[in-house]
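What follows is one structure encoded as structure tokens, with my remarks underneath.
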Amino acid sequence: MAVRFGDGEWPHLRVKPLLQPTVFPVCSPAYLQEHGRIGSVQDLVTHTLLDREPEIAGSFGIGWTQWLAHAAEAEACTRNRIYFNSYEIVIRSTLAGQGVALGVDVLVADLIRQGLLTCAVDTRIGWKEGYHLVSPKNEPVTRPMKLFSDWLLARATEVTQ
């Protein structure tokens with residue numbers, strides 16, 4: 001068994017969806033205090049947007065260009081964007097109040113619960129890919145596999161609530 005990221009279309013595997021991430025703008029409460037409320041998607045373009053380098057974001061996930069296009073602001077031109085080479089650095093910079101980042105719900109949920117990050121604009125875009133629990137179709141499901149699968153699916157449900 002394995003957890004695999006993608007579209008779930010693997011004919012040779014038994015596939016169970018685990019998580020279907022959504023992406024939305026997040027920032028620190030301190031950033032909002034300093035820069036004021038962000039009222040709409042269009043307002044985002046006047047803020048510093050923190051992003052992964054395009055070639056990295058394109059290979060796994062979604063960057064600001066794609067997110068803004070999906071949010072019906074196809075021609076949104078951003079004035080100030082800072083690129084990083086890892087998502088962890090994007091989130092650390094966001095926590096430090098350096099700008100607005102795209103938060104992946106399953107990765108930032110705890111930070112939001114703790115009050116360290118907040119949703120900047122409540123417009124969420126779903127990824128077309130997700131996380132799936134997979135196993136070979138041609139092998140039987142053993143009792144330990146079933147127990148692990150049930151446990152992992154229950155944890156995934158908790159994360160998304």
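Between the Trp64 side chain and the Leu49 main chain, no donor and acceptor come within less than 3.5 Å of each other. Panel note: side chain Asp150, backbone Leu147; no donor-acceptor pair is recorded below 3.5 Å. In this structure, the side chain of Gln66 engages the main chain of Gly63 through a donor-acceptor pair within 3.5 Å. No side-chain donor-acceptor contact under 3.5 Å links His35 to the backbone of Tyr31. Lys16 contributes no side-chain N or O that, together with a main-chain N or O of Ser149, makes up a donor-acceptor pair within less than 3.5 Å. No side-chain donor-acceptor contact under 3.5 Å links Trp127 to the backbone of Val23.
With sequence neighbours excluded, the residues satisfying side chain to side chain contact (heavy atoms under 4.5 Å, CB included) with Ser135 are Met1, Arg14, Met145. Under the side chain to side chain contact (heavy atoms under 4.5 Å, CB included) criterion, Val3 pairs with Leu18, Tyr131, Leu133, Leu152, not counting sequence neighbours.
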Practice task
Using the side chain to side chain contact (heavy atoms under 4.5 Å, CB included) rule, take Phe84 and Arg92 through it: C-alpha gap first, then chi angles, then the decisive distance, then the call.
Solution key: CA-CA 11 Å; Phe84 300 94; Arg92 287 179 183 265; over 6 Å; no

Practice task
Output, in order, the C-alpha distance, side-chain angles, deciding distance and verdict of side chain to side chain contact (heavy atoms under 4.5 Å, CB included) for Thr118 and Ile112.
Solution key: CA-CA 6 Å; Thr118 188; Ile112 290 173; over 6 Å; no

Exercise for the section: Show your working on side chain to side chain contact (heavy atoms under 4.5 Å, CB included) between Val41 and Trp67 and close with a plain yes or no. Expected result: CA-CA 10 Å; Val41 171; Trp67 190 91; 3.9 Å; yes

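Proximity of Val100 to Leu44: side-chain heavy atoms (C-beta onward) are separated by under 4.5 Å at one or more points. Residues Ile91 and Val108 are in side-chain contact: their nearest non-hydrogen atoms beyond the backbone lie under 4.5 Å apart. Between His47 and Ile38, some side-chain heavy-atom pair lies under the 4.5 Å cut-off. Taking 4.5 Å as the limit, some side-chain heavy atom of Leu50 sits within range of a side-chain heavy atom of Thr48. Ile125 places none of its side-chain heavy atoms less than 4.5 Å from the side chain of Phe24. Looking at Val90 and Tyr83, their side chains never come closer than 4.5 Å, going by heavy atoms from C-beta outward.
Atom CG in Leu19 sits 8.5 Å away from atom OG1 in Thr157 (nearest 0.5 Å). Summarising the geometry, atom CD belonging to Gln114 is positioned 9.5 Å from atom CG belonging to Leu95; distances are rounded to the nearest 0.5 Å. The CD1 atom of Ile89 sits 11.5 Å away from the CZ atom of Arg52 when rounded to the nearest 0.5 Å. Expressed to the nearest 0.5 Å, how far CZ of Arg124 lies from SG of Cys119 amounts to 5.0 Å.
Linking Ile, Leu, Val, Met, Phe, Trp and Tyr residues whenever their side-chain heavy atoms come within less than 4.5 Å places Val106 and Leu116 in a single cluster. One hydrophobic cluster, built from ILVMFWY side chains closer than 4.5 Å, holds both Val121 and Leu107.
For the pair Cys27 and Thr94, the tightest heavy-atom approach, listed with the atom from each and the gap, is CA-CG2, 3.6 Å. Between Lys146 and Val141, the closest heavy-atom pair is N-CG1, 4.1 Å.
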